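These notes concern the structure reproduced below.
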Amino acid sequence: PIDCREGAEQLFGLNQETIKRRKTFSSFNLRTVAGIYENFVTSGKAKGWLALKEGLPIAGLLNVYSSETSHALIGGSRGEYLELPANDLLLHEAIKDAIQKGKRYFDFMCALPQPSIKSFKEKFGAREYPACLYEKDLDPVRAGLWKVLWKFAHTPLGGALARKIFSSP
């Protein structure tokens, strides 16, 4: 388990490496991940894991808990170790942890529609559910701009730009 701020920083680094590999961006920064650790992990409302190879973190996962569900919130891995089943191990541990805590559901969380991510989650028995979002645009100009920027941020160029703008020092 991740039991120190250094572990949270290592998880964040793994997450950023995964984001770059997938050519997308993350809404998490180091301050957010450290804040989740300091406010939720220390109080038992979340738990994190790191998979190590010869002392080197090669994959990480952070789950947060709601009343009935364990949510896989942040994950990441080193590209050069993808042939090892480190992510499988971490998800297995997280699912066991959810069962031990009496949770009814395990939420793999949303991801970009990539076949490899979908098949990875499905091998654990996960099912895809369409998400329904209701929103009211209070400012049509801002809402339209946000939608365009959100789509652009999920392109390789937009992801690189977003990483550059929002990266932690």
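Bear in mind the structure is a predicted one, so any value in this text is a computation, not a measurement.
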Cluster companions of Leu149 among Ile, Leu, Val, Met, Phe, Trp, Tyr (side-chain spacing under 4.5 Å): Leu145
Interatomic distance, Arg104 atom CZ to Ile99 atom CD1 [nearest 0.5 angstrom]: 13.5 Å
Could you pull out all donor-acceptor pairs under 3.5 Å where a side-chain atom in residues 50-65 meets a protein atom, sequence neighbours excluded?
{"from": "Asn63", "atom 1": "ND2", "to": "Ser70", "atom 2": "OG", "distance (Å)": "2.9"}
{"from": "Tyr65", "atom 1": "OH", "to": "Asp97", "atom 2": "OD2", "distance (Å)": "2.3"}

All ring pair (Phe, Tyr, Trp, His ring centres under 6.0 Å) counterparts of Phe106, not counting sequence neighbours: Phe108
Distance-minimising heavy-atom pair for Gly79 and Arg21: N-NH1, 3.1 Å
Side-chain donor/acceptor of Thr18 to backbone N/O of Leu14, under 3.5 Å: yes
N-O pairing of Lys96 and Glu93 below 4.0 Å: yes
More than 12 heavy atoms of other groups within 6.0 Å of Lys45 NZ: no
Donor-acceptor contact present, side-chain Asn15 to main-chain Gly76, <3.5 Å: no
Side-chain donor or acceptor of Thr42 paired with backbone N/O of Glu38 under 3.5 Å: yes
Thr69 side chain to Ser66 backbone, donor-acceptor under 3.5 Å: no
Rounded distance (nearest 0.5 Å) linking atom CZ of Phe28 with atom CD of Gln16: 10.5 Å
